[in-house]
Amino acid sequence: MLDRPTHAHRSRRVAAVLAVLLLAVPFFAGRSAAAPSPVAVVTDFPVHAEFRPDDPGYLDQWGLRQVVEDPNPPPPPTPPPNAWDVTPGSPSVVVAVVDTGVVWTHPDLLANMWSNTDGTHGKDFIDGDLNPMDPDTTPLFHGTGVAGVIAAILNNGQGVAGTAQVHVMALRALGTNGQGSSLNTSQAIRWAVDHGAKVINLSLGTNETFGGPPTDIQLAVDYAWRRGALIVAAAGNAGTGSLDYPARLPNVVSVAAIDESGRRASFSNYGSGLDIAAPGDRILTLDGNNNVHYLQGTSFAAPFVSGVAGLLLSMDGNLTNVELWNILNNTAVQPSGQSSPNSGYGWGVVNAWNALNALSRPFISVNAYPTSVSRTSTFGVTWSIRGPAGGVVTDTHVTWGTSPTVLGNTTTAQTGATRQSFTANGLSIPSGADTLYFRVVAIVNGTTYTSQCAGPSGDCFVAASNLPDFLFVLYQLLASNLLFLALFILALAAIVAFIPQRRAARARRYAYPPKTMSPASYYVGSPGPPQPPPARVQPRTVTPAPPIEFVRQPTSPATPTATGPSGATVTRLVAAKKRCPSCGTMVAAENLFCFFCGNPFR
């Protein structure tokens with residue numbers, strides 16, 4: 001009977017001790033530990049739902065998913081975030097499609113078509129009307145497919161999804177066979193920018209090479225660029241190491257194509273001057289029969305880039321075309337093992353997620369600097385700091401040097417805020433150096449950011465020109481207008497061809513120096529001694545000159561004879577000669593004047 005109470009009491013005591021220990025351990029552990037150090041906490045950042053469109057074709061749009069999704073996704077089963085979580089696009093952004101026209105009545109596109117004040121959706125430069133319908137009788141519907149990649153309606157339960165929910169301006173410059181003229185294309189480019197397009201897609205081109213004066217397309221592209229538009233063009237589908245025209249122009253973003261393996265497609269052009277790459281093989285997009293189909297080519301890689309540019313403008317409508325281009329390049333994803341930029345992929349494969357997130361933090365865009373200068377001239381660098389408005393810039397400057405690994409010089413520090421532009425002037429190529437390397441550094445809200453360029457280690461660089469200063473300045477002036485440059489080269493060639501002729505004529509005059517036609521006392525000089533007055537000269541009788549007539553065959557006496565082949569005597573006539581008293585040239589005796597110097601004989 002006593003064992004049970006004893007065991008019960010013992011059990012209660014053990015339980016009580018354990019309870020006390022459990023309560024005391026945290027207390028004593030907290031008292032014995034040192035005072036905790038402050039921990040950096042990231043707070044007040046945006047969160048959002050993971051958006052996935054319900055368009056039935058989205059699951060087979062491998063190219064679109066590669067462009068809009070995070071290139072470094074979390075492990076499954078968590079879905080990767082995408083650019084539409086940031087912004088799906090804005091109807092205030094207008095992207096022009098210069099192509100075969102667009103079937104703008106397609107139910108998966110109509111709501112995203114741009115409308116003019118008269119309700120039209122663009123212009124037809126082939127038929128000369130305001131109905132830019134794609135009349136393709138083949139199953140291709142090239143322009144409609146391009147427009148679908150850019151802006152097919154998102155999350156409407158039908159068809160496919162587009163890259164950006166922006167408005168498409170349809171401009172028909174190509175016929176149903178995909179052929180067109182540079183005149184119609186150039187007119188369409190100008191019309192687009194004059195009517196508010198901020199991005200112009202050119203999924204067209206030619207492999208011809210143009211020299212001499214600029215083409216009408218180049219003049220139109222430069223016109224659009226000066227007015228702030230970003231021009232995007234397909235690199236071409238010949239699989240060669242040179243870009244099509246106008247993709248090779250300096251003011252055009254050239255786009256190559258990749259396939260589903262992530263490598264450059266076999267049909268895609270590549271080469272020097274390539275800017276960026278995008279999916280271009282087995283692209284699911286809109287057709288002209290209110291349905292969808294698969295297409296391939298760099299023509300369908302370029303609109304991905306145009307769509308991402310539209311997303312960037314939807315997030316920040318004040319971006320310039322230079323800033324857009326810099327963001328696209330610097331946020332592209334390079335295939336494994338490739339350096340940036342290169343001739344196969346340019347800066348890499350375009351990525352909308354990276355591009356939009358670049359604007360969620362400060363981003364330095366180097367907007368203007370010369371690629372070459374004379375050795376004695378100075379130059380400036382202009383840059384802007386994009387990102388969220390209101391960021392405090394406590395220091396931004398250019399750091400430079402003559403080696404990409406040693407940038408030991410800095411310009412004067414400047415202050416300001418994000419979304420402002422800055423300029424550093426007075427830079428020059430150091431004596432004895434051939435290249436100046438530089439970066440732009442900015443401290444925004446206490447964090448340091450650095451620019452990225454195409455040079456070594458991400459540096460920008462300016463090369464020294466060996467031309468004399470005045471020739472370099474003249475070249476820079478003329479290079480701004482290729483027509484003037486071509487005229488200058490022709491004038492220079494004419495001068496070079498004329499100089500030897502002048503020298504030859506001068507050598508002939510030296511060989512036959514002119515004789516003095518008047519006495520030396522005729523020329524003004526120092527007065528000589530006084531002379532008696534000259535004797536009176538009797539006037540001579542002047543006979544009238546004979547009338548001017550054609551030169552007749554001379555009737556001079558016969559010259560020595562010779563024996564002909566049959567033994568007959570052949571008389572040869574030798575024209576009489578006389579020497580010009582002015583230049584010494586031998587001329588025919590009957591000539592009235594010297595044919596070389598013009599001296600009259602009578």
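All residue numbers refer to positions in the sequence shown, counting from 1.
Across all non-hydrogen atoms, the minimal contact from Pro370 to Gly380 is CD-O, 3.8 Å. Closest approach of Val308 and Val67 over heavy atoms only: CG2-CG1, 3.6 Å. Contact detail for Val98 and Ala188: the closest heavy-atom pair is CG1-CB, 3.8 Å. Considering all non-hydrogen atoms of both residues, Ala277 and Ile258 come closest at CB-CG2, 4.0 Å. Of all the heavy atoms in Leu202 and Pro246, the pair that sits closest is CD1-CG, 4.0 Å. For Val146 against Ser203, the heavy-atom pair with the smallest separation is CG2-OG, 3.9 Å.
Note: Leu171 CG to Arg190 CZ = 14.0 Å, rounded to the nearest 0.5 Å. For the atom pair CZ of Arg248 and OG of Ser272, the computed distance is 11.5 Å after rounding to the nearest 0.5 Å. Here the straight-line distance linking atom CD of Gln165 with atom CD1 of Ile153 works out to 7.0 Å at 0.5 Å rounding. Rounded to the nearest 0.5 Å, atoms CG (Asp244) and CG (Asn237) are 7.5 Å apart. Annotation: the span from Asn251 atom CG to Leu230 atom CG amounts to 10.0 Å, rounded to 0.5 Å. Note that OH of Tyr449 and CZ of Arg361 are 8.0 Å apart. Values are rounded to the nearest 0.5 Å.
A donor-acceptor distance shorter than 3.5 angstrom exists from the side chain of Ser254 to the backbone of Gly273, with no hydrogens or angles considered. Not a single donor-acceptor pair under 3.5 Å links the side chain of Asn201 to the backbone N or O of Val97. Using modelled atom types, one side-chain atom of Asn330 and one backbone atom of Asn326 make a donor-acceptor pair closer than 3.5 Å. Side-chain atoms of Asp316 never come within 3.5 Å of backbone atoms of Gly387 as a donor-acceptor pair (strictly under, hydrogens ignored). In this structure a side-chain-to-backbone donor-acceptor pair under 3.5 Å is present from His106 to Asn291. Between the side chain of Asn445 and the backbone N or O of Val392 there is at least one donor-acceptor pair closer than 3.5 Å. No side-chain donor-acceptor contact under 3.5 Å links Asn112 to the backbone of Leu109. Checking side-chain atoms of Asn321 against main-chain N and O of Ala229 turns up a donor-acceptor pair under 3.5 Å. Between the side chain of Asn269 and the main chain of Ala238, a donor-acceptor pair closer than 3.5 Å is present. Within the 3.5 Å criterion, the main-chain N or O of Val149 finds a donor-acceptor partner in the side chain of Thr163.
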Go through the steps for Thr450 and Ile364 under the test side chain to side chain contact (heavy atoms under 4.5 Å, CB included), then give the verdict.
CA-CA 7 Å; Thr450 306; Ile364 300 175; 5.5 Å; no
Please walk me through it: do Asn342 and Gln334 pass side chain to side chain donor-acceptor pair (under 3.5 Å)?
CA-CA 9 Å; Asn342 60 68; Gln334 197 64 251; 3.1 Å; yes
What verdict does the side chain to side chain contact (heavy atoms under 4.5 Å, CB included) test give for Phe363 and Glu323, after you've listed the backbone C-alpha separation in whole Å, the side-chain angles of each residue and the deciding distance to 0.1 Å?
CA-CA 10 Å; Phe363 177 88; Glu323 292 168 341; over 6 Å; no
Would Ile231 and Leu249 count as a side chain to side chain contact (heavy atoms under 4.5 Å, CB included) here? Give the steps.
CA-CA 10 Å; Ile231 303 93; Leu249 289 174; over 6 Å; no
Report the C-alpha distance between Ser314 and Val166 in whole Å, list the side-chain angles of each, state the deciding distance to 0.1 Å, and finish with yes or no for side chain to side chain contact (heavy atoms under 4.5 Å, CB included).
CA-CA 8 Å; Ser314 300; Val166 296; 4.0 Å; yes
Would you check, one step at a time, whether the test side chain to side chain donor-acceptor pair (under 3.5 Å) holds for Thr423 with Thr382?
CA-CA 4 Å; Thr423 300; Thr382 300; 3.2 Å; yes
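Residues Thr100 and Leu174 are in side-chain contact: their nearest non-hydrogen atoms beyond the backbone lie under 4.5 Å apart. A 4.5 Å side-chain heavy-atom check between Cys460 and Trp383 finds every atom pair outside the cut-off. Contact check for Leu286 versus Thr144: side-chain heavy atoms found under the 4.5 Å cut-off. Two residues are said to be in side-chain contact when any heavy atoms from C-beta on lie closer than 4.5 Å; Leu328 and Leu312 meet this criterion. Between Met113 and Val102, the closest side-chain pair of non-hydrogen atoms falls below 4.5 Å. With a 4.5 Å cut-off on side-chain heavy atoms, Asn184 and Arg172 do not count as touching. Side-chain contact check for Thr105 versus Val103: some heavy-atom pair is nearer than 4.5 Å. Side-chain atoms of Leu284 and Trp62, non-hydrogen and from C-beta on, never get closer than 4.5 Å to each other.
Figure legend: Arg227 and Tyr223 shown as a cation-pi pair, the cationic atom lying under 6.0 angstrom from the six-membered ring centre and within 45 degrees of its axis. In this structure, Arg264 forms a cation-pi arrangement with Tyr270, its terminal cationic atom sitting closer than 6.0 Å to the ring centre and no more than 45° off the ring axis.
Between His121 and Trp104, the two ring planes are tilted [angle within 30° to 60°]. The aromatic rings of Trp84 and Tyr58 are tilted relative to each other, their planes meeting at an angle between 30° and 60°.
Under the salt bridge (Lys or Arg N to Asp or Glu O under 4.0 Å) criterion, the residue pairs touching residues 280-300 are Asp60-Arg282, Glu260-Arg282, with sequence neighbours excluded.
Asp216 and Ser182 share a side-chain donor-acceptor pair at under 3.5 Å. A donor-acceptor pair shorter than 3.5 Å cannot be found between the side chains of Asn351 and Thr331.
Each of Val253, Val255, Val350 was compared with Asp275 under the side-chain contact (heavy atoms from CB on, under 4.5 Å) criterion, and only Val253 meets it.
By the neighbour-count criterion of 12 heavy atoms within 6.0 Å, atom CZ of Phe267 is densely surrounded, having more than that number from other residues, nucleotides or ligands.
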